[in-house]
Amino acid sequence: MIIKAPIDLELTQISGQTSQPPWICKDNVFTDVVCVDGEYSIFSVRQSDDFLDFTYTGNATEKAALENVKKIYDLDFDLPRFYDYLDGHDELREMSKFCNGLRLFQAKDPFECIISSICSANNSIKRWTRSISDMKMKWGRNFNDYYTFPDIETLQKIYLDDEDELSKCGCVNDNNLKCCGVGYRAEYMRKASEIFSLEIDLSEIPKMSYDEAFETVLKVPGVGPKVADCILLYGFGFKEAFPSDVWIKRIVSHLYFGGKDIKVEKVREFGMEEFGDYAGYVQLYMFHYARKSGLMEKLK
DNA sequence: ACTCAGGCGCAGA
DNA sequence: TCTGCGCCTGAG
């Protein structure tokens, strides 16, 4: 079925955002397995002119499947209206040209989003993507060779490294987190799994205010301000989040503060104050604008 | 072979 | 409260 919302699907997929790796692409069709009301469906999406062509297999009702795909690709977001907003500001005007059709690629699985966001910290997009894909292949459930992300209970039991695996199971069979290339983040990931199993109920987070949700996820080891904002934005749709890292710092500094060196924490406050409910989208557009326009090279 | 990028936790100021 | 170091891995 065709969903009439303008989107650049490929751009949205490869934007390197921290909710999930890109879906598997074959002949311009992007496919992955999605949990709908407790059951697994294979979702396929394809660019059809400006719109999205969506098909799925599985027992999900059409209504539920549609709701899910709309959420994942943020299809209810009014992109033209956002472009009017960008056009109304000197500093932002150029961005829509470079990122036309780019939407938030939202998590299909909040737990996956949390763990992959932790994995993304102090990491490269390439290495982060490989690690998460490895984890899915090793410990996720296989549906037609599309793999789910391992659930909370599964991940809690995964060994940390070779040493941990050897002492607990007597042999080493690449069945541990560090062999996925996550490095010292392995401990954070396992601790986080424990916390979401025992202390924090994932389903409570969407009911919270932004501030409350921010403070809640900050308690998780490996989650600082940047990762917390990524989790809230890509995992739970808090669009007022403005994830601020060194790149966003450089870009904001260049566009708004005459290149002056400012603290990342100040950049976050500035972004939230200045852009309000558009903060998350402005952050997304800033990053890709900088990438594509050559600004990023200039700011290095 | 070596250096560096990248956000977070922690020790020490 | 704030500052600066070390963490792990792969790319250059």
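We use all heavy atoms of the structure for the numbers below, so side chains are in, but hydrogens, waters and symmetry mates are not. Residue numbers start from 1 in every chain, and the chains themselves are labelled A, B, ... in the order their sequence lines are given, proteins ahead of strands.
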* Tell me what A:R250 touches on the nucleic acid: a base, only sugar-phosphate, or nothing, going by heavy atoms under 4.0 Å. => sugar-phosphate

* To do: Could you tell me the separation between the CG atom of A:N123 and the P atom of C:dC8, rounded to a whole number of Å?
  => 13 Å

* Asked: With distance as the sole test, does A:E165 use its side chain to make a donor-acceptor pair with the main-chain N or O of A:N175 at under 3.5 Å?
  -> yes

* To do: Report the distance from atom CG of A:N176 to atom P of C:dC8, rounded to the nearest whole Å.
  => 14 Å

* Asked: B:dC8 C1' sits how many Å from A:K263 NZ, rounded?
  -> 16 Å

* Residue-phosphate contact under 4.0 Å: A:K126 side-chain N/O, C:dA11 OP1/OP2 -> yes

* Could you tell me the separation between the NZ atom of A:K178 and the P atom of C:dG10, rounded to a whole number of Å? => 13 Å

* Structure fact -> A:D161 atom CG is separated from C:dC7 atom C1', nearest whole Å, by 14 Å

* Asked: Checking only heavy atoms, does the side chain of A:Y188 share a donor-acceptor pair with the base of B:dG7 at less than 3.5 Å?
  -> no

* Please give, in whole Å, the distance from C:dT9 P to A:I132 CD1? -> 15 Å

* **Gap between atoms CD1 and P, on A:I125 and B:dG7 respectively (whole Å)** => 11 Å

* To do: Between A:G222 and A:R185, just flag the one whose closest nucleotide in DNA chain B comes earlier from the 5' side.
  => A:R185

* To do: Determine, using ring centers only, whether A:Y285 and A:F98 are less than 6.0 Å apart.
  => no

* Is the shortest side-chain N/O distance from A:R130 to OP1 or OP2 of C:dT9 below 4.0 Å? -> no

* Structure fact -> In whole angstroms, the gap separating P of B:dC8 from CD1 of A:I118 amounts to 10 Å

* To do: Pick base, sugar-phosphate or nothing for A:W247, based on heavy-atom distances below 4.0 Å to the nucleic acid.
  => sugar-phosphate

* Is it true that A:D164 and A:R190 make a salt bridge, defined as a side-chain N closer than 4.0 Å to a carboxylate O? -> yes

* To do: Give one of base, sugar-phosphate or nothing for A:V227, where a contact means two heavy atoms less than 4.0 Å apart.
  => sugar-phosphate

* Reckon A:V246 touches a base, only the sugar-phosphate, or nothing at all at heavy-atom distances under 4.0 Å? -> sugar-phosphate

* Where each residue is assigned the nucleotide of DNA chain B containing its nearest heavy atom, which of A:S124 and A:V220 is assigned the position nearer the 5′ end? -> A:S124

* Structure fact -> d(A:F30 CZ, A:I14 CD1) to nearest 0.5 Å is 8.0 Å

* Structure fact -> Per atom distances to the A:Y184 side chain, the nearest of C:dC7, B:dC8, C:dT9 is C:dC7

* **Close side-chain approach of A:T148 to A:D109, heavy-atom, < 4.5 Å** => no

